[in-house]
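Take a look at the structure set out below.
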Amino acid sequence: FLALDEMLCVTEANPMACAHLHAPAGALIGQPLADSHPDIAKSLLHSHLLRAARAGEAATFDAPSLGYPGNWLRCQTFPYGRGAACLFTNVTDEMETRSQLRAKAALSDAMTAHGRVGQARLSPRGTFSLIGPVLAEMAGFDRDSLLGVRLTDILPLNRRVEAGGEIEAVLSGQ
């Protein structure tokens, strides 16, 4: 729980909010929320707290944790006194489960469309970090022998340059 006045200065912070913001309550109380973490001023949380404080608007949303990269929080913002407040719930496990369910659904769709489908996970360097048994069999290799190997290294020579460019495009967000 985190409460703020109309200027978004912290008025109350429970131990969990303090832990998330990496600061004791004494260092937070009376200070602008944006001073506790540089990225808060540009965050969805800040926008919703402003709306709650100025327009009386409540909201619930999921957002990446600013204090713990890789974690997700469900934030409930609402008017509180003359300002706003927020309740945080860690939903990292729920988000991971959703991601796994989406991956399974995509695999099922691919199998329906194409029949037999191989599956692997590539590292940011384009090397196998996980390889499914179907793909290993299709490629003609033992699964363990492919871990750490670049995908392009198992392709025919005439396809390696093109495939390397395609993998780089995917890994760079294109």
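- Contact between Thr92 and Trp72 at its shortest, heavy atoms only, is OG1-N, 2.9 Å.
- One finds the CG atom of Leu87 at 4.5 Å from the CZ atom of Phe78 (value rounded to the nearest 0.5 Å).
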*Quick one: do Leu73 and His20 satisfy side-chain contact (heavy atoms from CB on, under 4.5 Å)? Show the steps, please.*
CA-CA 10 Å; Leu73 296 176; His20 188 74; 3.3 Å; yes
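- Two residues are said to be in side-chain contact when any heavy atoms from C-beta on lie closer than 4.5 Å; Phe128 and Leu135 meet this criterion.
- Using a 4.5 Å cut-off on side-chain heavy atoms (C-beta onward), Leu50 and Ser47 make no contact.
- At distances below 3.5 Å, not a single donor-acceptor pair connects side-chain atoms of Asn71 with backbone N or O atoms of Ser65.
- Note that NE2 of His46 and SG of Cys86 are 12.0 Å apart. Values are rounded to the nearest 0.5 Å.
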*asked:* Set out, in order, the CA-CA distance, both residues' side-chain angles and the distance that settles side-chain contact (heavy atoms from CB on, under 4.5 Å) for Val10 and Gln31, then state yes or no.
replied: CA-CA 6 Å; Val10 177; Gln31 300 300 312; 5.7 Å; no
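- Rounding to the nearest 0.5 angstrom, the gap separating the SG atom in Cys75 from the CG atom in Leu45 is 5.0 Å.
- Note that SG of Cys18 is 7.0 Å distant from CD1 of Ile29, once rounded to the nearest 0.5 Å.
- When every heavy atom of Ala13 is checked against every heavy atom of Leu28, the shortest pair comes out as CB-CD1, 4.2 Å.
- More than 12 heavy atoms of other residues, nucleotides or ligands sit less than 6.0 Å from atom CZ of Arg116.
- Within a 6.0 Å radius of CE in Met138, other residues, nucleotides and ligands contribute more than 12 heavy atoms.
- Between atom CG of residue Leu8 and atom CG of residue Leu2 there is a gap of 9.5 Å, rounded to the nearest 0.5 Å.
- Between the CG atom in Leu4 and the SG atom in Cys9 there is a gap of 8.0 Å [rounded to 0.5 Å].
- Among all heavy-atom pairs drawn from Ala163 and Thr152, the shortest one is C-CG2, 4.1 Å.
- At distances below 3.5 Å, at least one donor-acceptor pair connects side-chain atoms of Thr97 with backbone N or O atoms of Asp93.
- You'll find the side chain of Gln76 reaches within 4.5 Å of the side chain of Thr60, heavy atoms only.
- One N or O on the side chain of Ser172 and one on the backbone of Glu168 form a donor-acceptor pair closer than 3.5 Å.
- In terms of heavy atoms, Ile154 sits closest to Ala139 at CD1-CB, 4.1 Å.
- Evaluation of the side-chain hydrogen bond (donor to acceptor under 3.5 Å, both in side chains) test over residues 77-89, restricted to residues two or more places apart or in two chains, returns Glu12-Tyr80.
- Between Arg102 and Arg98 the shortest side-chain heavy-atom distance falls below 4.5 Å.
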_Show, in sequence, the C-alpha distance, side-chain angles and deciding distance for Val134 and Glu137, and conclude whether the side-chain contact (heavy atoms from CB on, under 4.5 Å) test is met._
CA-CA 5 Å; Val134 174; Glu137 181 187 324; 5.8 Å; no
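- Closest of all the heavy-atom pairs between Asp153 and Val149 is CB-CG1, 4.2 Å.
- The hydrophobic clustering, which links ILVMFWY residues whose side-chain heavy atoms are closer than 4.5 Å, places Leu44 and Leu21 together.
- The backbone N or O of Gly132 sits nowhere less than 3.5 Å from a side-chain atom of Arg143 that would complete a donor-acceptor pair.
- Listed for the Thr11 side chain is a donor-acceptor partner under 3.5 Å among the backbone atoms of Ala3.
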